[in-house]
Protein chains: 2
Amino acid sequence: MTAQNHPAPGAGGAQACPITPVLDIVFSRWTTPILWTLHQFGRQRFVELNRNVGTITAKVLTQRLRQLERDGLVIRTYHPEVPPRVEYEISELGLTLAPLFATLTTWSTTHLPEVERARTTFDTTHA
Amino acid sequence: MTAQNHPAPGAGGAQACPITPVLDIVFSRWTTPILWTLHQFGRQRFVELNRNVGTITAKVLTQRLRQLERDGLVIRTYHPEVPPRVEYEISELGLTLAPLFATLTTWSTTHLPEVERARTTFDTTHA
DNA sequence: CCGGATCCTGGAAGATACTG
DNA sequence: CAGTATCTTCCAGGATCCGG
């Protein structure tokens, strides 16, 4: 896996692809699996979330959760107990992404096979 | 700018966030600006595209175009002349992404201000 | 239990120079 | 013109240890 960042918003070409700014918010690395897991499993503690998301490291999970919290997509609730307990859940704003994800899923099921076929033909013709 | 890759499809959590596989196809770094530019300006030669996309390097542009071609989203046409001429355009499959981008743009105009506000409040409360 | 601090590494991306 | 090859730089992410 590599890292994925996106072009600087106003840099260079500057004819401003309108969706570029959204990418770092919604499609930064790990953000979609995290949001998906929160949506599927509902409010969860940190460790649960860590398990459910998959191979993500606690450090990275913390980083991404901070970003998501800052962007208002995720709500963090801290319970000052011993031992401390922290819960995460999707915010209202985060839920507005649902139709977007639905569109993505639809496209995936519809056109992903075409991509696969394109790849195999490309690989065979360029062998 | 960093690179952005996404979690390994089946790795770890394995409850399979369904949109993860699409991310590397559609939302790899530079892919959206490239597709956007091709959509806006239509069929273009390599250098034109290089200018229009923005700050991207020729090397990186080549890499991304190869990937997009392999995935069937972009069509590459080579004219064996002197000097050589190569043209790129969006494929039919690539055009099926239009509604997806439309959804993204809609979400952007609708909810991006909320994200901005969330950020400022977060930054002030955590100062 | 949550997450910050630190060190380290693989790979992306920039710069430059070079071919068909 | 349209790439390729090589070298270097830079940073996200993994591992580990520590603290509240």
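Just so it is clear: chains get the letters A, B, ... in the order the sequence lines come, proteins before strands, and each one is counted from 1.
Between the CD atom of E81(B) and the C1' atom of dA2(D) there is a distance of 13 Å, rounded to whole Å. Summarising the geometry, the separation between OH on Y88(B) and C1' on dC1(D) is reported as 11 Å, rounded to the nearest angstrom. Note: CG (L61(B)) to P (dA2(D)) measures 10 Å, nearest angstrom. If you take CZ of F46(B) and C1' of dG3(D), they are 7 Å apart, rounded to a whole angstrom. The interatomic distance linking R85(A) (CZ) with dG20(D) (C1') rounds to 18 Å, in whole Å. Rounded to whole angstrom, the span from the CD atom of Q63(A) across to the P atom of dA15(D) amounts to 14 Å.
In the model, Q63(A) has no side-chain atom that pairs as donor or acceptor with a side-chain atom of R66(A) under 3.5 Å.
Shortest non-hydrogen contact noted between D71(B) and L93(B) is O-CD2, 3.7 Å.
Contact check, T57(B) against dG14(C): a side-chain N or O comes under 4.0 Å of OP1 or OP2. OP1 or OP2 of dA13(C) sits under 4.0 Å from a side-chain N or O of R64(B).
Screening residues 51-106 of chain A for ring-ring contact (aromatic ring centres under 6.0 Å, His included) gives no qualifying pairs among residues at least two apart or on separate chains.
Following chains of ILVMFWY side-chain contacts shorter than 4.5 Å, one cannot reach L68(B) starting from I75(B), and the two form parts of different hydrophobic clusters.
For V47(A), taking side-chain heavy atoms from C-beta onward, the closest of the listed nucleotides dC2(C), dA2(D), dG14(C) is dC2(C).
Applying a 4.0 Å cut-off to non-hydrogen atoms, the residues of residues 66-76 of chain A that approach DNA chain C are R66(A), R76(A), listed by residue number.
No hydrogens or angles were tested; on distance alone, a donor-acceptor pair under 3.5 Å links the side chain of K59(B) to the base of dG14(C).
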